[in-house]
Amino acid sequence: MLHLLNPAQRAAVQYLDGPCLVLAGAGSGKTRVITQKIAYLIEKAGMDARNIAAITFTNKAAREMNERVGHLMDAPRLRGLTVSTFHSLGMRILREEARHLGYKPQFSILDSADAGKIISDTLGTTDKQLIRSAVSRISTLKTDRISPDRAILMAESEGELHLARVYRIYQDTLMAYQAVDFDDLIRLPVDLFEQNAEVLKKWQQRLRYLLIDEYQDTNITQYLMVKLLTDITGQFTAVGDDDQSIYAWRGADMENLRKLQVDFPKLHVIKLEQNYRSVARILKCANAVIANNPKLFEKTLWSDLGIGDPIQVVECKSEEHEAELVAMKLLAHKFEANTSYKDYAILYRGNHQARIIETALRTHKIPYLISGGQSFFDRAEIKDVLAYLRLVANENDDPAFIRAVTTPKRGVGNITLERLGAYAADRQISFFQAVYEEGFIWQVQATQYEPLKTFCDFIGRLQYRAPREPAGQVLNELLEAIDYETWLYDSDEPKPAEGKWKNVLEFVQWVTRQGEEKGKDLIEIVQTIALITMLEGRDEEDVDALKMSTLHASKGLEYPHVFLIGCEEDILPHANSIEGGMVEEERRLMYVGITRAQRTLTITYCGKRKRAGEWQVTEPSRFLKELPAEDIRVSGRLAGGKPEQAISKTEGRAMLAGLLAKLS
DNA sequence: TGGTTAGTCGTTTTT
DNA sequence: CGACTAACCA
């Protein structure tokens, strides 16, 4: 196996004498290093798979890594291997150690929508901007491991004090719901490790070798987790690339790369500089752009995959034309090069940019998959069903209670709910518990109380059945009992309702499969859903479809032919980042985008764009001027010419027909 | 109590 | 232009 590696990769795999940092440029085979090292640890170093943990940043990456390790060795020897995200690992630790922190093992994981709702309630405002900023500031406090009490003490202004108080209420509310948020999944285990030497020792002994992927994206708490778990032995390999650090806004700190050298003086640094992904021109463009950033570590990427075609830079007249142009160029290229749809990807800065592309792709009947963006589990219909399941798993989950009890409508309205909420809040109990309290029964009339009681009894029956019966069966009967299908068709036009019901059925199928394949009961399945962003097991490779993705979500992926759209000032770099002086991170984003491409890269931007119904003139991205002139082919204003002639739908069809005629 | 409607507002990135 | 909300009516 080792002969498949280049000398630097092999050195990284074989180095076991202590902490190891692998600086891996884009496309330099870092996943290969990690998977091979797992195999090496088990086969050559004689380690038990149960003592090895590989940590990634996305579930998708974890899944892919699992698959690739599976190709390297037999399943029995991989039993007990941990390949998961920081958050999943944190959850696992927390479920096992919950009692040390005052939580029950079946705590819920709150999504950001629920978190935002708590904040908006405590803040007493509906101002989206305000809530957003409060949520993110509280999240920053949490990743910096500042407790509510300390935040109150440290507050230097009226505003900070207010925020700290909101933070405290928020945290108390989470505890009351028996829920944690994403930050807690990392923070609480770290807190526990620091307070409880025995628990720490237990996990140190369990996880004896750590492999951390995308190390440049760790925040300080995640770094502490690594440090605590490996402090005694320093047995870990961190793989990262400072040029691909694009999550600073989420607390990721490139300083963690430098800190590693300070905290572990014996740190062994290995650089991977050969790129196995892209042709030379693409790499040259990427290098040229990133050269405008100050460097943390010096490294030069090279490849021997040939020079490749020039990078195309095209100005379009509007968003519609951009979408149309991309669709046309794609179809033309596909026919000429005889490729598949899945060889193409369209990348963009913000999720909203996907919509217009989607319409163009649909009119041309181009199959596509969208990764990143709204998760399947975030759809309203799925969240409705999920609310029931969350409540079954944890009856203290008040947000789930409110959603479930009002969907479908069952005669419980705002007034009743408010009374119930007030009663529960007074006594520090959950909505669910309050329903069964003598004191509450007298507060509402029988006509209002009855549906509540019926609802809670129903949930109670499910709680009994969930651990005892197959997950799919219980879920099916739940949907039957609440007649969710009818409710969907009653509350929507037939067409969207049909789509929604299809999603629900897909969800049921997924749950059934999870139950059968992994032997999990309904509650166990629900407990992990909050962490899953994409429907796993949906074999995306089998479908021949073009991939659409945000630049952030595209990290770690590669495609033969890439379109990078919307390369305009205020989009990439984004206006807020320009204002906040964060252009360097945006440049890294551009770098990530360019380095996704293996063979061809087409960059587009619009001359004007409709924003909030108004036409707005736009400027090409400053990053385009950083591309080496000899490696790009420009059409449009950058070249001094006119914007690329717009292609209308009929023109497009004619062009396609001509192309097809020429080919046959 | 629940659904409809007319007005409002405004677009980063995600575990 | 379209999503999302707050007042309004059945």
Side-chain angles (χ1 to χ4, degrees), chain A residues 55-62 84-91 109-113 115 120 125-129 132 135-136 139 142-143 180-187 214 217-219 221-222 245-252 318-320 347-356 359 371-375 377-378 380 406-418 447-448 451 487 490-492 528-534 549-555 566 570-580 582 585-586 588-590 592-593 609-616:
Chain A
I55 303 172
T56 60
F57 268 80
T58 62
N59 291 291
K60 205 202 250 144
S84 73
T85 60
F86 263 111
H87 296 269
S88 306
L89 178 63
M91 180 186 79
I109 299 168
L110 238 55
D111 62 32
S112 28
S120 85
T125 177
T126 53
D127 185 335
K128 251 177 28 191
Q129 205 77 297
R132 212 194 168 92
V135 169
S136 93
S139 173
K142 293 180 85 160
T143 44
V180 300
D181 64 15
F182 286 121
D183 297 319
D184 288 337
L185 288 174
I186 316 286
R187 190 184 63 114
E214 309 281 12
D217 288 330
T218 51
N219 64 37
T221 317
Q222 289 163 333
S245 163
I246 52 175
Y247 285 103
W249 51 272
R250 205 170 78 183
S318 68
E319 278 176 293
E320 284 85 359
L347 307 180
Y348 37 83
R349 174 67 229 261
N351 284 307
H352 62 277
Q353 294 176 62
R355 175 149 299 156
I356 194 137
T359 39
S371 86
Q374 255 229 337
S375 153
F377 296 107
D378 274 344
T406 52
T407 330
K409 304 283 181 253
R410 48 165 59 79
V412 178
N414 286 338
I415 296 168
T416 315
L417 267 181
E418 252 165 52
T447 47
Q448 284 152 339
W487 148 257
D490 282 350
S491 51
D492 216 331
T528 53
I529 278 180
L531 293 177
I532 302 172
T533 46
M534 230 137 347
S549 167
T550 61
L551 286 165
H552 282 91
S554 77
K555 198 164 65 154
D570 291 356
I571 293 182
L572 182 65
H574 193 272
N576 297 351
S577 298
I578 297 174
E579 198 163 339
M582 319 251 293
E585 176 145 319
E586 298 287 307
R588 289 193 288 270
L589 214 40
M590 179 85 185
V592 166
R609 162 181 304 270
K610 222 184 225 170
R611 258 177 103 157
E614 292 279 307
W615 282 103
Q616 216 173 35

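Values in this document were obtained by computation on a predicted structure and should not be read as measured data. Proteins come first, then strands; the chains are lettered A, B, ... in the order of their sequence lines, and each starts at number 1.
- Distances shorter than 4.0 Å separate none of the side-chain N or O atoms of Arg250(A) from OP1 or OP2 on dT12(B).
- Residue Thr550(A) places at least one side-chain N or O closer than 4.0 Å to OP1 or OP2 of dT14(B).
- With respect to Glu320(A) and Lys610(A), no salt bridge is recorded, no charged nitrogen being found less than 4.0 Å from a carboxylate O.
- Put simply, CG on Leu589(A) is 13 Å from C1' on dT14(B), counting in whole angstrom units.
- Distance CG (Asp570(A)) to P (dG10(B)): 17 Å, rounded to an integer number of Å.
- If you check dT15(B), dT14(B), dT12(B) against the side chain of Ala553(A), the one that comes closest is dT14(B).
- Considering CD1 of Ile578(A) and CG of Asp570(A), their distance stands at 5.0 Å, rounded to 0.5 Å.
- In this structure, Arg355(A) reaches the sugar-phosphate backbone alone: every heavy-atom distance under 4.0 Å involves primed, P, OP1 or OP2 atoms, never a base.
- In this structure, Phe86(A) does not pack face-to-face on the six-membered ring of dT15(B), missing the 5.5 Å centre cutoff or the 30° plane limit.
- Within the 4.0 Å cut-off from OP1 or OP2 of dT14(B), at least one side-chain nitrogen or oxygen of Asn351(A) is found.
- Checked against dT12(B), dT13(B), dT15(B), the side chain of Thr58(A) finds its nearest nucleotide in dT15(B).
- Put simply, CZ on Arg132(A) is 11 Å from C1' on dG10(B), counting in whole angstrom units.
- Comparing atom distances between the Lys610(A) side chain and each of dT14(B), dC1(C), dT15(B) picks out dC1(C) as nearest.
- In this structure, the separation between CZ on Arg588(A) and CG on Leu551(A) is 13.5 Å, given to the nearest 0.5 Å.
- When the C1' atom of dG10(B) is taken as reference, atom CG of Asn576(A) falls 13 Å away, rounded to whole Å.
- The distance from atom CG of Leu185(A) to atom P of dT14(B) is 19 Å, rounded to the nearest whole Å.
- Ranking dT12(B), dG2(C), dT15(B) by closeness to the Phe182(A) side chain, first place goes to dT15(B).
- As a whole-Å value, the separation of Arg187(A) CZ from dT15(B) C1' is 16 Å.
- Stacking between His552(A) and dT13(B) is absent: the ring centroid is not both under 5.5 Å from the six-membered base ring centre and under 30° in plane angle.
- Applying the ring pair (Phe, Tyr, Trp, His ring centres under 6.0 Å) test to His574(A) and every residue at least two apart in sequence or in another chain returns nothing.
- A side chain to side chain donor-acceptor pair (under 3.5 Å) with Glu319(A) is found for one member of Arg355(A), Gln353(A), Arg609(A) and no other, namely Arg609(A).
- A distance of about 14 Å separates the P atoms of dT13(B) and dC4(C), rounded to the whole Å.
- Checked against dC1(C), dT11(B), dT14(B), the side chain of Tyr247(A) finds its nearest nucleotide in dT14(B).
- Closest to the side chain of Trp487(A), from the set dT12(B), dG3(B), dG2(C), is dG3(B).
- Remark: C1' of dG10(B) and NE2 of His352(A) are 11 Å apart, rounded to the nearest angstrom.
- Residues passing the ring pair (Phe, Tyr, Trp, His ring centres under 6.0 Å) test with Phe86(A), sequence neighbours excluded: Phe57(A).
- Of the listed nucleotides (dG3(B), dT13(B), dG2(C)), dT13(B) has the atom at the smallest distance from the side chain of Arg349(A).
- Per the geometry, CD belonging to Glu585(A) stands 16 Å off P belonging to dT12(B), to the nearest Å.
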